[in-house]
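A quick write-up on the structure given underneath.
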2 protein chains.
Amino acid sequence: MRKVTLQDLAEQLGVARSTVSRALRDDLQISAPTRAKVRRLADESGYHPNAAARALTHRSSGVIGLVLPRSARFVFANPYFSDLLDGVASVAEPAGFPLLLSASRRPDYARWLQEARVDGLIALGSSLSNHELEVLERLVKQGSAVALIGAPAHSTSLRVVTCDEHPGIDQACEHLARTGHTRVALVAGPARAPYAQARARAWREALAHHGLTLDKVVHGDDTFEGGAEAARALRDRGDQASAWLFGNDLMAFGALRALDEAEFRAPEDVAIIGFDDVMPAALLGLSTVHQPSHELGAEAMTSVVAQLRGTVHTDGRYVTHFVPRRTSAAFLTSGGVGG
Amino acid sequence: MRKVTLQDLAEQLGVARSTVSRALRDDLQISAPTRAKVRRLADESGYHPNAAARALTHRSSGVIGLVLPRSARFVFANPYFSDLLDGVASVAEPAGFPLLLSASRRPDYARWLQEARVDGLIALGSSLSNHELEVLERLVKQGSAVALIGAPAHSTSLRVVTCDEHPGIDQACEHLARTGHTRVALVAGPARAPYAQARARAWREALAHHGLTLDKVVHGDDTFEGGAEAARALRDRGDQASAWLFGNDLMAFGALRALDEAEFRAPEDVAIIGFDDVMPAALLGLSTVHQPSHELGAEAMTSVVAQLRGTVHTDGRYVTHFVPRRTSAAFLTSGGVGG
DNA sequence: TTGTAAGCGTTATCAA
DNA sequence: TTGATAACGCTTACAA
């Protein structure tokens, strides 16, 4: 039983394909009775226009791609990506754009656009090489819509949706200084990743500004286990630091777990501060720098839609802020599952 | 600057489109020099085959749809879905199938298949009406591939990937009985949802089997806030139950938060048991019934791929098991961030 | 070894 | 108001 096509309807009704096509689009040029007839047969026979054929003639697929730069395992283990995805999807859905999703270690960012599989693309800026940026820029000139979440290592004319990490970091440092800390350690993201370097720099500056000493910097791989390892390493060297800062919440979670296994306590033995403020952070009482992940995702999608529709959209500006919770201040009232 | 097509290459080389098409597919019929020539020009000119055109002639898109039955907000707030998605993506990616994603309150399950936008579909069985099942069954007969995660309310010939919830539930009840509990309360999922009813029934039976009394059943909406509300309600009525069971971890998290705000403690004041065993459960020390969400997602995708490729795949069988942690046993050694 | 031509299912431009 | 007809970009018999 083949799928029913426009042709089939036309033949059964003894009219031209174009008539059917128009009738189904409620073209006013088509007489009411004809439209009704066509519509009825279409419903009865379960006709549905073929997406590929449509895309071919329209030169657009109506799909937006979302490509994530790491394995599915890595990506979905981190609630940060869920939040981003949530933001993206919450705009894509009502706008009528399905999302094509890819999570791969070495993604070919441009391909879906080049194959006209998607009309627009959302990617994480931090993972894009200079060459990839250039290719995407060229595609945008040809009509594709692209938005990056997070700044890429090189400057670009692409729409970049970012969030100023300084306010939150500054507030965190102020908080530490105020609560008597003087020496801290930083568990940054991957040493060679520009975004991790930038964030580390922000910490350095803010720490200095508040008179805090950065005792030690180690690099984690942004995973739970990486955070646990870093924590063990810091603990084993009998660290002087009274507070540990983490490149993301996931590593901070790993650290909490490692501390727990070693009968170490936060904040009694060491203060712990994360970055992202994903949902479990609130549950665990993790002090962290809040990033508006949902909004970033939504903004990226909104921008892509605006680019495609040719409508104007004034870019939103986003900032981080520090959320003090249990792991950074013993004297704060919030408990284990505190807000 | 229009996108370069097969036609363009053919003209520039003075050969036929078909020759180019074959050469690019390394067709052995084409002479080596011609193949090289074609390949070179294709690379230089940045040629990429148009996905829609390909789909049209191949009558297949090479895409698998994943449709989730609730809003993006709801879906991505629950780490359970991340785990599913992770499983699905981790099979889809290496198999070369991009995922088309939709999260909507009232999804039209069949449409993507009917439009030939996707070759296969993964959906949550629990959300499908009888009518929707029938439509999907018909589409499968016509060559579509479908796999459901979780059993639908009505029986179906579709491939259903499930997980036996009884073992874990039984183990949980045994654990409760052994640790001295006699009366428990259940915060089930939505009252009218068949899957929630089935799970409640499983609890009832296992509780009876272990001589435990089900004191009270309330229904939550499977959200964090819903769990918190349920917990407040149970607490306010001065409940007799010494243990509360939850339809999913997310509600249990909400309950923990609500308890915390009321200076109530788990497990000292009441034991808490969740369902799913999402990542934060381990971090929070939540006792829960483990569900192999990742594996369920992977199995569904594997099944879809097998259906499409026409290869055989013997369906995996999955079971739950109980994971005792801090919230159900004060005397267990695991701490706050315990395993 | 390569070319011709038909077809995939729609849409859009002309005419009629 | 409707009908031919030519795209859209690629694949695949069938010829040559």
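Predicted model, so just to flag it, every value in this text is computed and none were measured.
Below the 3.5 angstrom threshold, one finds a donor paired with an acceptor across the side chain of S18(A) and the base of dA4(D). At a cut-off of 3.5 angstrom, counting only N and O atoms as typed in the model, there is no donor on one side facing an acceptor on the other between the side-chain of S31(B) and the base of dT2(C). Taking 3.5 Å as the limit, the base of dT12(D) and the side chain of R54(B) contain no donor-acceptor pair of atoms between them.
The interatomic distance linking L56(B) (CG) with dA6(C) (P) rounds to 18 Å, in whole Å. Look at CD on E115(A): it is 13 Å from C1' on dG9(D), rounded to the nearest Å. Atom CG of L9(A) is separated from atom P of dG9(C) by 12 Å (rounded to the nearest Å). Separating the CZ atom of R17(B) from the C1' atom of dA6(C) is a distance of 10 Å, rounded to the nearest angstrom. Between the CG atom of L6(A) and the C1' atom of dT11(C) there is a distance of 9 Å, rounded to whole Å. At whole-Å resolution of the value, CG in L24(A) and P in dT11(C) are 8 Å apart. If you measure from atom NE2 of H48(B) to atom C1' of dC8(D), you get 19 Å, rounded to the nearest angstrom. Summarising the geometry, the separation between NZ on K3(A) and C1' on dC8(C) is reported as 13 Å, rounded to the nearest angstrom.
Side-chain contact between L308(B) and I64(B) is present, with heavy atoms from C-beta onward closer than 4.5 Å. Using a 4.5 Å heavy-atom cutoff, the side chains of D108(B) and E132(B) are not in contact. Taking the side chain as every heavy atom from C-beta outward, L9(A) and S45(A) approach each other to under 4.5 Å.
Among the protein residues, R59(B) comes within range of the sugar-phosphate backbone only, with heavy atoms under 4.0 Å from sugar or phosphate atoms but none that close to a base.
Comparing V15(B) and A53(B) by the nucleotide of DNA chain C whose heavy atom lies nearest to each, the residue mapping closer to the 5' end is V15(B).
Of the candidate nucleotides dT12(D), dC8(C), dG9(C), dT12(D) has the atom lying nearest to any side-chain atom of R25(B). With dG3(D), dT4(C), dC10(D) as the candidates, the nucleotide lying closest to the side chain of R22(B) is dT4(C). Listed nucleotides: dT10(C), dC10(D), dA4(D). Nearest to the side chain of A16(A): dA4(D). Nearest nucleotide to the side chain of T19(A), out of dG9(D), dT12(D), dT2(D): dT2(D). You'll find that the side chain of T34(B) is closest to dT2(C), out of dT10(C), dT2(C), dG3(D).
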Derivation and outcome, salt bridge (Lys or Arg N to Asp or Glu O under 4.0 Å), residues E299(A) and R159(A): CA-CA 10 Å; E299(A) 170 81 15; R159(A) 165 74 173 117; 2.6 Å; yes
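In this structure, R17(B) CZ and E11(B) CD are separated by 9.5 Å, a value rounded to the nearest 0.5 Å.
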